Structures are given as C-alpha cells and as structure tokens.
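Small disclaimer: the values here were computed from a predicted structure and weren't measured. Below, chain A is the first sequence line, B the second, and so on; all start at residue 1.
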Amino acid sequence: MRADSGKVTQIFREMADLLAIKGENPFRVRAYEKAADVLEHLSGDLQDLHNEGKLEKIPGLGKGMCEKISTLLNTGRLPAYEELKKEIPAGVRELLLIPEVGPKTAKLLYEEAKVKSIEDLEKCVKSHKLQHLPGMGTKTEENILRGIRFYRTSRARILLGKALPLVEEVIGELKEKASSWIERISPAGSLRRGRETIGDIDILVSSSSSHPLMEAFTSLSCVREVLAKGETKSSILTHQGLQMDLRVVSPDSFGAALQYFTGSKAHNISLRERAIRRGLKINEYGVFTQDGEEIGGRDEEEVYACLDLPFIPPELREDRGEVDAAREGRLPQLIREEEIKGDLHLHTRASDGSASIEELMEKAQEKRYQYLAITEHSVSLKVGGGLSEEALLAEVKEIRQMNSHFEDFRVLTGTEVDIKKDGTLDYSDEVLRELDIVVAALHTGFKQDREIITTKVIKAMQNPFVRVLAHPTGRLLGERDPYAIDLDKVLEVAKEKDIWLEINAQPERLDLTDIWIREAKRRGVKMVIATDAHNIKGLDLISFGVITARRGWLESADVINTLSLKDLLKVLFKKRS
DNA sequence: GCCGTTTTCGGCCCGACTGTTTTCAGTCG
C-alpha cells in the first residue's frame with residue numbers, strides 16, 4: 001500500500017479527539033495533536049522518511065507514534081484506532097465542531113443523554129431534555145443553539161485577502177470612536193502571521209482604560225452579536241459571521257500580549273517551555289522571574305531577549321524549527337516587499353485583463369518597479385481570451401516600440417503559455433524564441449491522475465524557452481483542491497533545468513504554499529513572486545505573495561524578481577546562449 | 001505519548017470569561 005501522510009494525519013487527529021472525549025490524560029491527547037501537526041506540514045514523502053529511519057528524529061514523533069505510523073504504512077490499519085472508533089460513535093466527535101462544546105461536554109451528552117449527532121443535540125436542547133444534567137442551564141442551552149447555528153452558517157475560514165482589509169476598516173473605526181484611549185493597536189493571531197486563511201480576527205490595544213474601548217468595539221457597525229464583554233477581552237460576531245476579539249492591556253504589557261496573541265499556540269508553548277527551563281514564566285502580561293519580578297513585556301523584542309533570542313518575525317512562528325534557528329543564529333533575513341523590483345505575470349485587456357499596458361506600467365512605476373512582464377494567455381485557453389500566434393507577435397512588436405522610449409524601465413514580452421495534454425506547449429518554439437520570458441501553466445485536465453499530470457508538466461519544463469512554472473498546484477482556496485502533482489519530482493527538474501517556480505500572489509491561490517516554498521529553497525530552487533494581475537489594483541496583491549514567501553523562510557536571494565533590471569536580463573538570456 | 005542546559009521519571013503553557021458549582025469546571029485561544 002502506498003504511503004499517505006494525509007490519512008495518518010487524519011487518524012491521529014481523530015484519535016486525539018476520541019481520547020479527549022474518553023477523558024484520557026490531556027498530555028497524551030496533546031501528543032497525538034502534535035504528531036498530526038508535524039505530519040501535516042511534512043514536505044518529504046512519509047514512506048521514504050520511514051524507510052530511511054528518519055521519522056524518530058523529528059521532534060514530536062516518539063517511539064509510540066513511529067510504531068503506529070509504521071503499522072499504518074504496512075497494513076493500512078491501526079488496531080488502537082479501530083478500538084476507539086468502536087467505543088465512541090463518529091457523531092459524538094462531530095459535536096466538538098460546535099463552539100461551547102468541548103470533550104467534557106461531548107462525553108456528558110453522549111453518556112447521560114445518548115446524544116450521538118449534532119441533530120440529536122439540537123432536538124434535545126429544543127425540547128429542554130438536557131436541563132437535568134450538571135452545568136446545563138438556560139444560558140447554556142442558548143449558547144449551544146447559537147453554536148449550532150454558527151457551525152452551520154460560517155465555520156469556513158476566510159481568505160487573508162478578505163480579512164486584512166476588514167481588520168483595517170475596524171481599526172479605523174475604533175480610532176474614530178475612541179482614539180484618545182488608544183496608545184498602540186495591532187492585529188494579532190493568524191492574520192499577523194500571514195496565514196492564507198483566517199478563522200477569527202484578534203485585535204490588541206494598549207490603553208490605561210479599557211471600558212471606553214470595549215464600548216466602542218461592541219458597538220462597531222459590523223457587529224451582529226456581542227458574544228462576550230469583559231475588562232480585558234470582548235468578542236463579537238460580525239454580520240458576515242466572523243468572530244472578532246478585542247484584547248485590551250496596559251502599555252507595559254503590550255509586547256508580551258502581542259507576542260502571546262500572535263501565537264501560534266505551538267510556538268508559544270515552545271517559548272514557554274524554554275522560559276520554564278530558565279526559571280522564568282511568560283504570560284500575556286510580561287516575562288517574570290520566580291520571585292514574580294517583571295523583566296520584560298513592553299515590546300516583543302524584549303520578550304524574546306529575556307529568553308536570549310533575537311526577534312522572531314511573526315510569519316515564522318509556527319513551531320517549525322524557528323526557535324532552534326533563533327537560538328543558533330540561523331534565522332533568515334526575510335524578504336521584504338520593498339525588495340521586489342518587478343512583476344513577471346500580468347494580463348492586459350488583450351487577453352482577459354481589464355487594463356492596458358500603459359496603465360499597468362504607470363502603476364508599476366508608482367511602485368518603483370524597474371520592469372514588468374506582459375504574459376497573456378495562449379491560443380487554446382479560449383475562456384482566457386488566449387492570443388493567436390499572430391496577435392502575440394503583434395503585441396511583442398508594440399512593446400518593443402514602447403521600450404525604445406525609456407531607459408530605466410522595461411516592459412518584458414512574454415506569455416502564460418498553456419501546457420497541452422501531451423506536455424507540449426501551445427505556441428511553437430519559433431514564437432517562444434521571440435519572447436523575453438515564457439511562463440508555462442496548466443489550465444485543464446485537473447482531474448487526471450498524478451502520473452499523467454506530473455509527466456506532462458515535467459515535459460513542458462524541458463522546453464528550452466520555459467523559465468517559470470506558474471501556480472504549480474492549481475489550487476483555489478475554498479473552491480478547488482490542488483491537482484495531483486508530484487512536487488517532489490517537479491522540484492528535482494526545476495533545480496536541474498533552472499526553472500523558477502511561481503509564488504502566485506492571488507489571495508485564493510497563494511501557490512506554491514509556504515511548506516513547499518521552504519522545501520524548494522532547501523533544494524536551491526529559485527522562485528518568482530508574481531501577482532497574475534488582471535487589472536491595475538491587482539499589482540498591489542504582491543504583498544500577499546511576499547507574506548507567503550516569508551512564511552516559507554525566503555530571503556531576497558531566493559527570489560528572482562528582487563534582481564535589478566540589468567541582472568534580470570542577464571539571467572534571462574544566459575540559458576539560451 | 002513525548003522529552004531532557006538540574007531529569008530516563010515526572011513533569012507537560014497560562015489566564016480570561018462564562019455559567020451556575022456557593023468555590024469551580026469547562027472552553028477557548
């Protein structure tokens with residue numbers, strides 16, 4: 001049977017939930033969750049790692065977990081898991097998806113009221129059959145019903161690209177309503193870490209008086225419902241069903257609180273364990289000695305410094321080795337948006353965009369870029385207004401004429417050429433030869449199997465004119481899964497043929513993902529951060545690509561479009577000569 | 001179940017908010 005780390009991950013997560021419902025040792029539960037996290041973010045092949053005996057070296061996977069993984073890989077089954085499933089029906093685990101219902105409540109509901117599904121739960125609450133249970137009052141009933149509604153309407157995470165504008169709006173409104181009470185204000189949580197999707201939004205404020213802020217927050221125009229309101233924390237539900245929390249702390253604690261609420265949870269646990277080993281304690285108010293003396297907390301830098309660590313950028317705080325790297329002075333100098341010198345994947349109204357070349361150029365110069373590449377779709381992509389060979393060559397001629405008018409800026413000619421089903425390209429080599437940059441992309445056959453897709457993409461990468469592989473997995477967050485492609489092989493060929501992999505900055509793509517970006521870097525594969533913009537504002541999406549690249553530990557040297565125009569032209573034409 | 005800058009045993013992050021338990025358990029992040 002073929003290795004499938006996805007299946008192992010899912011089984012470990014389910015086991016963690018089932019053990020928690022059984023009331024097992026919480027640390028044992030955590031061990032399963034931790035193991036699932038580790039496996040989920042593995043870039044190598046699980047079967048290979050297992051064969052090479054490298055699994056036990058991965059922090060979080062001990063002897064017990066490795067044995068279970070081995071059993072699963074060899075037999076496709078896991079007796080311990082099957083036992084657990086027999087004990088607790090699947091519907092009981094489903095109850096955990098409802099806010100307010102945790103493992104203890106699920107156990108109580110199942111054992112005392114025979115609740116085996118969310119539907120059961122809803123019926124029981126509505127007919128007040130649970131009121132005899134300990135801890136179940138009218139309020140709890142209301143909360144559970146609200147939780148069920150929330151689960152059904154809005155449990156999907158929203159895109160970073162949607163959450164960021166929303167949080168900016170909210171911060172603006174808070175400043176309008178209560179500016180004199182705000183000392184410092186910042187988003188925290190997964191939004192600040194730049195995760196591709198956001199579950200809920202955290203905002204942190206430092207202030208000497210929390211009351212007026214809580215008033216302002218719970219009366220924002222976006223509030224549908226106030227879920228909680230206290231001295232230090234309030235929670236609201238917005239009209240679009242998104243939960244937003246506001247935390248208020250004193251100015252002396254802002255750094256500690258920002259560190260704490262930015263997470264991730266796993267990163268914080270790692271930091272706190274380090275603190276304990278040094279006889280210190282970290283909480284959201286500061287760093288404290290055993291005698292309770294505060295030794296830091298006003299700024300995040302201070303918190304890390306108390307642990308003898310340099311500042312760790314939020315994008316790295318996922319407990320994927322960043323604390324060790326910080327300790328050993330191996331943190332990367334993460335790429336910054338100002339280092340981007342141009343955009344290498346753009347569409348104009350000649351294909352399916354809405355801007356002209358001149359308009360894109362104007363915007364690019366506003367952004368202090370030195371170049372951009374016009375990369376329309378190719379013949380076969382009818383829905384994308386693909387250009388015929390003649391139309392493409394006419395555009396090339398037009399661009400060359402434009403370029404003759406300026407010295408320190410350049411519009412590069414290019415194409416986003418379709419990879420056809422046999423792995424050949426949608427334009428002849430004679431046409432591709434005329435272009436400055438050829439970006440190859442897959443737009444059809446997403447349902448084909450791994451072997452077929454991988455083979456055609458790799459064949460396309462052998463074409464001597466191809467420089468970039470666009471959106472390498474084709475995923476659309478919340479809409480379409482990545483197609484089955486063996487990225488491991490793609491990276492191998494990319495390294496060998498010096499093909500650059502795109503980090504597509506469209507918020508619903510963000511493709512490559514952070515995990516694979518880091519793996520590509522590890523193997524010495526270069527990348528391009530590009531917006532795939534179809535209109536003028538689209539060029540601003542570059543920031544989402546940069547955040548994702550930072551999450552993949554990239555430095556400017558890993559990214560081709562940090563090169564100056566002169567250096568870019570050198571590498572572009574080196575391959576052909 | 002994992003793990004070791006006092007440890008191969010005995011710990012394992014920490015606090016706010018809520019509801020209903022008159023002193024705290026459950027959930028969440």
Side-chain angles (χ1 to χ4, degrees), chain A residues 12 15-16 19-21 23-38 55-69 80 95-109 130-131 133-144 146-147 150 188-193 198-204 210 214 226-235 243-249 253 256-257 259-288 307-308 319 324 327:
Chain A
F12 281 2
M15 288 181 78
L19 290 167
I21 293 170
E24 280 281 345
N25 177 355
F27 299 106
R28 195 171 159 223
V29 173
R30 204 178 102 188
Y32 279 92
E33 284 168 353
K34 171 87 183 171
D37 285 344
V38 166
L55 274 184
E56 284 203 44
K57 295 201 180 70
I58 300 175
L61 300 181
K63 194 157 163 270
M65 293 298 178
C66 289
E67 271 168 19
K68 290 189 173 65
I69 293 169
L95 299 176
L96 300 183
L97 296 171
I98 296 171
E100 312 281 337
V101 179
K104 295 286 197 300
T105 310
K107 180 185 166 83
L108 181 77
L109 290 168
L130 301 176
Q131 287 199 337
L133 297 178
M136 285 285 171
T138 333
K139 276 284 197 182
T140 307
E141 282 185 341
E142 280 172 26
N143 285 341
I144 288 178
R146 183 172 61 204
F150 183 80
S190 52
L191 182 100
R192 181 159 179 255
R193 300 201 309 280
I198 309 296
D200 53 27
I201 292 179
D202 298 297
I203 300 173
L204 181 72
S210 88
M214 292 309 186
V226 177
L227 300 174
K229 190 174 173 186
E231 266 302 291
T232 67
K233 176 191 167 181
S234 292
S235 295
Q243 185 175 329
M244 210 181 285
D245 298 344
L246 183 77
R247 316 272 179 161
V248 179
V249 298
S253 299
Q259 194 292 313
Y260 176 72
F261 290 117
T262 296
S264 65
K265 192 174 168 180
H267 172 84
N268 286 357
I269 289 175
S270 173
L271 275 194
R272 283 162 189 232
E273 283 168 352
R274 183 173 169 86
I276 290 170
R277 285 198 298 273
R278 304 173 153 245
L280 299 172
K281 184 176 84 163
I282 306 181
N283 58 27
E284 58 262 58
Y285 301 107
V287 184
F288 300 87
L307 300 176
D308 288 326
D319 193 28
D324 283 342
R327 194 184 64 216

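- Arg272(A) contributes atom CZ, which lies 12.5 Å from atom CG of Leu280(A) (distance to the nearest 0.5 angstrom).
- Under the Watson-Crick or G-U wobble criterion, with both distances below 3.5 Å, dT18(B) is paired with dA25(B).
- Within the nucleic acid shown, Gly60(A) comes within 4.0 Å of sugar-phosphate atoms alone, with no base atom in reach, counting heavy atoms only.
- Nucleotides of DNA chain B nearest to Leu61(A) and Asn283(A) differ in position, and the one nearer the 5' end is that of Leu61(A).
- The separation of dG26(B) from dT20(B), taken at their C1' atoms, amounts to 12 Å, rounded to a whole angstrom.
- Judged by distance alone, with hydrogens and angles left aside, Asn268(A) brings no side-chain donor or acceptor close enough to the base of dG29(B) to form a pair under 3.5 Å.
- In this structure, Asn143(A) reaches the sugar-phosphate backbone alone: every heavy-atom distance under 4.0 Å involves primed, P, OP1 or OP2 atoms, never a base.
- Glycosidic conformation, dT6(B): anti, with the torsion outside 90° of 0.
- We find that Lys34(A) and Asp37(A) are not joined by a salt bridge, their nearest charged nitrogen and carboxylate oxygen being 4.0 Å or further apart.
- Comparing Cys66(A) and Ile282(A), the nucleotide of DNA chain B nearest to each residue sits closer to the 5' end for Cys66(A).
- The C1' atoms of dC17(B) and dG10(B) are separated by 31 Å, rounded to the nearest whole Å.
- Within 4.0 Å (heavy atoms only), Thr105(A) reaches sugar-phosphate atoms of the nucleic acid but no base atom.
- Residue contacts shown for Pro59(A) are limited to sugar-phosphate atoms, with no base heavy atom under 4.0 Å away.
- Interatomic distance, OH of Tyr260(A) versus CG of Asn283(A), reported as 9.0 Å (0.5 Å rounding).
- Contact annotation: Lys281(A) reaches the phosphate of dG15(B) (side-chain N/O to OP1 or OP2, under 4.0 Å).
- dT7(B) and dC2(B): their C1' atoms are spaced 14 Å apart (whole Å).
- Residue Arg272(A) has no polar side-chain atom (N or O) positioned under 4.0 Å from OP1 or OP2 of dC13(B).
- If you check every strand for non-hydrogen atoms under 4.0 Å, Lys265(A) touches a base.
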Report task. Assess whether side-chain contact (heavy atoms from CB on, under 4.5 Å) is satisfied between Leu246(A) and Val248(A), documenting all intermediate values. Result -> CA-CA 7 Å; Leu246(A) 183 77; Val248(A) 179; 4.1 Å; yes
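- Among the atoms of the strands shown, only primed sugar atoms or phosphate atoms (P, OP1, OP2) are found under 4.0 Å from some heavy atom of Pro103(A).
- With rounding to the nearest 0.5 angstrom, the CG atom of Leu191(A) is 10.5 Å from the CG atom of Asp200(A).
- Within 4.0 Å (heavy atoms only), Lys34(A) reaches no atom of the nucleic acid at all.
- Using a 4.0 Å heavy-atom cutoff across all strands shown, Ser270(A) reaches no nucleic acid atom at all.
- Residue Phe261(A) is classed as having no contact, given no heavy-atom separation below 4.0 Å to the nucleic acid.
- Residue contacts shown for Lys68(A) are limited to sugar-phosphate atoms, with no base heavy atom under 4.0 Å away.
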